[in-house]
Structures are given as structure tokens and as C-alpha cells.
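Just below is one structure, and these are the notes that go with it.
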Amino acid sequence: MKKRCSFWVSVLFAGIFAACSAAEKNPAPSLPQTMQEPSGLMEESSGAQDTSDSDGELNGTEDPSGIFNDTTGNTGSSSSFQRTPDVPKESSAQSSECPSDEDGKHPIFPAEYQKLLRKGMDVDWSKTNQGRKYYNAQAVTDFLEAGISHVRIRIADNATDDLLKGLDQQIKDCLNHGIIPIIAYQADEFKNAPTQENIKKVVDWWATVAQRYQNTSYLLSFDLLIESTDALNKQPEKLNEIYEQLVTEIRKTNPDRIIMISPRFRSDPAYLHELEIPTQHNGYLMAEWHFYAAGPSKTNDRKLWTTGTPQERALIDEKIQLALEWQKNTGIPTWVGAWMPGNYNDGNDYTIEEQISFASYITQQLTNAGIPFAVNSDTKFYDRQSNEWISEMMPVFNCIYN
């Protein structure tokens with residue numbers, strides 16, 4: 001009997017020793033860079049068709065459609081906002097026990113949202129009269145089947161009841177069919193004249209929109225400003241000022257929703273370092289940037305593309321690297337809100353083969369970098385009246401999405 005007990009004690013101690021040795025050889029992995037805390041503010045280191053993105057570029061809390069309630073559990077109460085402005089860290093318990101981010105019922109970490117976005121498209125469903133007139137749910141179905149994961153719904157007009165009712169339907173259709181919707185506001189008055197009066201108009205616009213969608217799926221996100229251009233480029237402090245006010249206002253009703261800010265000079269990543277991180281960002285913040293939003297050029301040295309020379313490819317690589325460095329330094333994920341395969345609004349003098357060459361390279365480089373993107377724009381590839389893809393553009397489309 002004593003020999004048998006001694007045998008089992010020896011087995012027990014041997015098992016404990018083996019487990020401890022394995023733990024020493026395989027320590028727990030550290031968090032990825034994009035999930036680590038930012039250091040705070042950045043250090044200073046340096047109605048018309050497609051009128052932005054470089055293409056030229058309801059009051060109250062009631063949900064009138066009844067489709068957005070009871071999906072997030074977000075009460076919208078500003079008093080519940082008691083968080084520090086750190087990028088949230090995902091624990092192993094969260095990653096194993098929380099439901100999938102793709103259901104949109106729980107706040108989504110920016111690093112995870114970045115992965116969900118994948119390849120998208122800019123749309124003018126709510127931006128132009130024609131876009132609003134011809135929008136229908138078949139477009140969403142067709143987009144999903146073609147490999148489009150998100151849509152950047154651009155808006156230029158005031159947040160009227162009619163506009164918001166149309167937007168309600170578009171968001172509902174997207175969420176029902178598995179496409180991520182992003183609301184992006186143009187704010188032309190402010191960009192042309194960045195006065196306190198115009199800042200207030202933009203804050204009021206987003207207050208209305210944020211309140212209306214406060215109980216909507218967390219898959220919906222807010223892209224605060226489409227391209228800082230015109231007079232605003234000369235006053236970068238005004239851009240940071242409006243972001244501070246906008247984020248503060250939106251956080252009253254949407255404490256955990258993804259919000260996106262973008263740098264000046266047509267969202268050029270070279271100016272990401274100028275952005276001051278809004279104090280109320282609450283960890284649910286991304287940066288939107290873009291390049292070639294109006295397509296490449298055969299003469300403009302800043303966005304030159306002819307045959308895809310090493311120098312021309314380097315222009316693309318440089319922009320991507322700037323975004324990656326800023327992303328690493330801040331822990332804030334980025335994405336490309338607009339790029340165009342050809343100069344469709346400025347001569348359209350690229351052949352289909354030339355567009356494929358350019359689009360293939362930029363798609364591959366962004367994919368390699370892990371940066372999602374939206375292509376500019378839906379009307380160049382999809383006939384919204386007939387709900388059919390434009391056949392001559394399919395080779396370009398397929399090289400991006402397939």
C-alpha cells in the first residue's frame with residue numbers, strides 16, 4: 001500500500017513540474033500595437049454629383065421607423081459616461097466570452113472594426129438628388145454579393161426629416177444584409193468659412209444624427225468631416241477645435257460608437273501628425289485618410305501614374321507608410337475613405353488596362369498593410385436605375401474586389 005501511494009505522489013509532482021516548465025517556455029502573448037494605450041496628444045513633428053472627396057472631391061430621441069431600438073443596450077445617457085480616454089484593452093476573457101463583433105450588439109474595439117471593414121465603396125445614396133431618387137435595397141444585395149463589405153454614405157445637406165428617413169432605410173438595409181454603414185458629412189459651409197457660427201451648425205447637425213441613431217447597431221460609425229479643404233487648410237487649429245466639440249457632443253448620446261477624424265489637405269496622411277486627439281474619444285476612435293480620391297494623373301507629380309514605374313509606386317507606398325507610422329505611434333487604427341482607379345471626373349483618359357494596373361497595385365499594398373478602404377464611387381461601377389453593374393468597368397472592379 002505504501003509503495004502504491006508513493007508511486008502516485010511521484011506522478012503528481014512530475015505533472016506539476018512539467019506544467020511549470022511549459023509555462024516558462026510559452027509566456028502569454030502581449031497585446032497588438034493597435035490595442036495599446038495612446039500617449040495622449042500627438043507630438044508636433046512637422047445637390048451636385050460627387051462634389052467632394054476630391055471629385056472636383058429628427059429632433060428628439062424617438063425612432064420614427066422603429067428599426068433601431070433595442071439593438072445595443074445603449075441608454076444614451078450622458079451621465080453614464082464615466083470613462084478615461086484610453087484605447088480599450090481586450091482581455092482574454094472578453095475575447096472568449098463576448099459575442100462576435102459582427103452582430104453589432106456590443107461596442108467594437110477600433111482594431112477589430114478595422115478588420116471588419118475590409119473593402120468598401122463610397123456611395124451617394126443620401127448625397128445627391130439622383131442618389132436619393134434611385135436608391136433601393138437591391139443595390140445593397142448586389143454590393144454584398146460582389147464582395148463589398150462596407151459603404152461610406154456621404155451627405156452634403158441639412159439633416160431634414162426627409163433626408164433622415166431615407167438614411168434610416170439605407171442603414172436598415174445595410175445592417176439587414178451584412179454591410180457596414182458609415183455616415184460621412186461634407187460640411188461645406190464650415191470648410192469654406194471656419195467661423196464659430198459654422199462650427200455650431202456642424203455640431204448641431206451631428207447632435208441630431210447622433211441622437212437619432214444612438215440605439216443603432218455598433219456596426220454603424222460616424223466619419224465627422226469629408227475632406228478638409230479650402231479656407232480650412234490655412235487654419236488647422238479650427239479643424240482640431242471642431243473635432244473636440246463634435247466628439248464631446250456625440251459622446252453625450254453615443255459613448256462607445258466608433259468616430260472617425262481626418263487630417264487637412266484633402267485628408268492627406270502626411271498631416272495626421274497635426275491632429276489633436278479629442279479628449280472625449282473614449283477609446284473608440286479611428287482616423288480616416290485618403291489619396292488619389294479623384295484618381296491618378298499622367299501629369300501631376302504628386303499623384304503621378306503612367307506605367308507604374310518604381311517612382312510612381314513609391315508615391316503610394318510613402319502615403320501608406322505615413323499612416324502606418326502614425327497608427328503605431330498613437331495606437332489609433334486608420335482606414336482609407338476614398339481612392340479612385342481612374343481620373344473619371346478629369347478627362348477619364350486611362351484605359352481599362354491602365355486602370356487595372358493602378359488599381360491592382362494600390363489594392364495589394366493596402367491589403368498587405370492591413371488597411372481597409374472605400375473606392376470612389378458607386379456610380380462609376382453600378383447603374384442605380386437598372387440595378388446592374390456597368391459591364392465595361394467590371395474588369396477594374398474585379399481586380400479590386402475579387
Side-chain angles (χ1 to χ4, degrees), residues 47-53 58-72 74-76 78 104 120-140 143 150-177 179-191 198-226 242 245-247 249-260 337 374 377-378 384:
Q49 176 73 26
D50 291 332
T51 55
S52 69
D53 279 330
L58 198 75
N59 294 331
T61 60
E62 182 181 359
D63 168 23
S65 63
I67 63 174
F68 299 116
N69 291 322
D70 302 323
T71 57
T72 66
N74 181 352
T75 64
S78 60
M121 183 167 282
D122 292 319
V123 298
D124 73 347
W125 300 340
S126 284
K127 180 181 174 184
T128 67
N129 291 331
Q130 293 296 301
R132 291 189 286 268
K133 178 180 179 180
Y134 290 109
Y135 169 78
N136 60 79
Q138 184 61 45
V140 178
F143 278 28
H150 72 269
V151 288
R152 183 167 171 255
I153 305 173
R154 301 174 296 181
I155 303 175
D157 298 331
N158 293 330
T160 64
D161 192 52
D162 284 343
L163 184 144
L164 292 175
K165 285 179 179 178
L167 184 59
D168 288 346
Q169 188 62 50
Q170 293 159 19
I171 293 172
K172 176 183 177 181
D173 291 341
C174 286
L175 294 174
N176 284 347
H177 290 86
I179 286 184
I180 296 174
I182 301 168
I183 299 174
Y185 184 45
Q186 195 158 302
D188 279 336
E189 280 188 87
F190 165 71
K191 291 187 294 187
N198 285 333
I199 287 177
K200 185 178 185 305
K201 289 180 181 179
V202 181
V203 172
D204 290 344
W205 192 94
W206 273 112
T208 299
V209 170
Q211 187 175 47
R212 189 179 186 94
Y213 299 117
Q214 62 183 309
N215 293 322
T216 306
S217 165
Y218 284 106
L219 291 169
L220 174 69
S221 61
F222 299 155
D223 186 1
L224 299 185
L225 190 72
I226 300 177
I242 196 172
Q245 292 192 34
L246 287 174
V247 172
E249 181 63 34
I250 291 171
R251 287 297 180 234
K252 294 177 182 178
T253 55
N254 293 258
D256 303 319
R257 187 173 303 282
I258 297 289
I259 293 176
M260 301 163 176
S377 65
D378 59 329
R384 57 196 172 195

Next on the checklist: Quick one, V123 and S377 - any side-chain contact, counting heavy atoms below 4.5 Å?
Outcome noted: no
Checklist outcome for this item: Heavy-atom closest pair (V203 atom, L246 atom, distance to 0.1 Å) is CA-CD2, 3.5 Å
Checklist outcome for this item: For H150 and A374 the tightest heavy-atom approach is NE2-CB, 3.7 Å
Checklist entry - Between D124 and R154, is there a side-chain N and carboxylate O pair less than 4.0 Å apart? => result no
Item to check | Atom pair CD1 (I183) and CD (Q170), whose distance is rounded to the nearest 0.5 Å | outcome: 9.5 Å
Checklist outcome for this item: Closest heavy-atom pair, V209 versus A159, reported as atoms and distance to 0.1 Å, is CG2-CB, 4.3 Å
Next on the checklist: Assess, by modelled atom type and distance only, whether the side chains of R251 and N254 contain a donor and an acceptor separated by less than 3.5 Å.
Outcome noted: no
Checklist entry - Nearest heavy-atom pair of N198 and E189: which atoms, and what distance? => result ND2-O, 3.4 Å
Checklist entry - What residues, two or more places apart in sequence or in another chain, satisfy side-chain hydrogen bond (donor to acceptor under 3.5 Å, both in side chains) together with N176? => result none
Next on the checklist: I want to check something: taking the side chain as every heavy atom from C-beta on, are L224 and I250 in contact at a cut-off of under 4.5 Å?
Outcome noted: yes
Item to check | Pairwise distance CZ(R132) to CG(L163) - rounded to 0.5 angstrom | outcome: 5.5 Å
Checklist entry - Where is the tightest heavy-atom contact between L164 and Y213, given as atom of each residue plus distance? => result O-OH, 3.5 Å
Item to check | Minimum side-chain heavy-atom gap T160-K165 below 4.5 Å | outcome: no
Checklist outcome for this item: Heavy atoms of L225 and A187 approach each other most closely as CD1-CB, 3.4 Å
Item to check | E249 CD to K200 NZ distance, which is reported to the nearest 0.5 Å | outcome: 9.5 Å
Next on the checklist: Tell me every residue that passes ring pair (Phe, Tyr, Trp, His ring centres under 6.0 Å) with F190, counting only those two or more places apart in sequence or in another chain.
Outcome noted: none
Next on the checklist: Between Q186 and I155, is the side-chain contact (heavy atoms from CB on, under 4.5 Å) condition met? List the steps.
Outcome noted: CA-CA 6 Å; Q186 195 158 302; I155 303 175; over 6 Å; no
Item to check | All side-chain hydrogen bond (donor to acceptor under 3.5 Å, both in side chains) counterparts of N136, not counting sequence neighbours | outcome: N387
Item to check | Aromatic plane relationship, Y185 with W205 - under 30° parallel, 30 to 60° tilted, over 60° perpendicular | outcome: parallel
Checklist entry - Do the non-hydrogen side-chain atoms of I182 and V151 ever get within less than 4.5 Å of each other? => result no
Item to check | Note: D378-R152 ion pair, threshold 4.0 Å (strictly below) | outcome: no
Item to check | Distance, nearest 0.5 Å, that separates CD1 of I242 from CH2 of W206 | outcome: 11.0 Å
Checklist entry - Are the side chain of Q211 and the backbone N or O of T208 linked by a donor-acceptor pair below 3.5 Å? => result no
Next on the checklist: Working to the nearest 0.5 angstrom, can you tell me the gap between I258 CD1 and D223 CG?
Outcome noted: 12.0 Å
Item to check | Geometric cation-pi criterion, R257 with F222: 6.0 Å, 45° | outcome: yes
Next on the checklist: Using a strict threshold of under 4.0 Å (side-chain N to carboxylate O), is an ion pair present between K172 and D168?
Outcome noted: no
Checklist entry - Between D204 and K201, is the closest basic N to carboxylate O distance under 4.0 Å? => result no
Checklist entry - About how many Å separate SG of C174 and CD1 of I180, when rounded to the nearest 0.5 Å? => result 10.0 Å
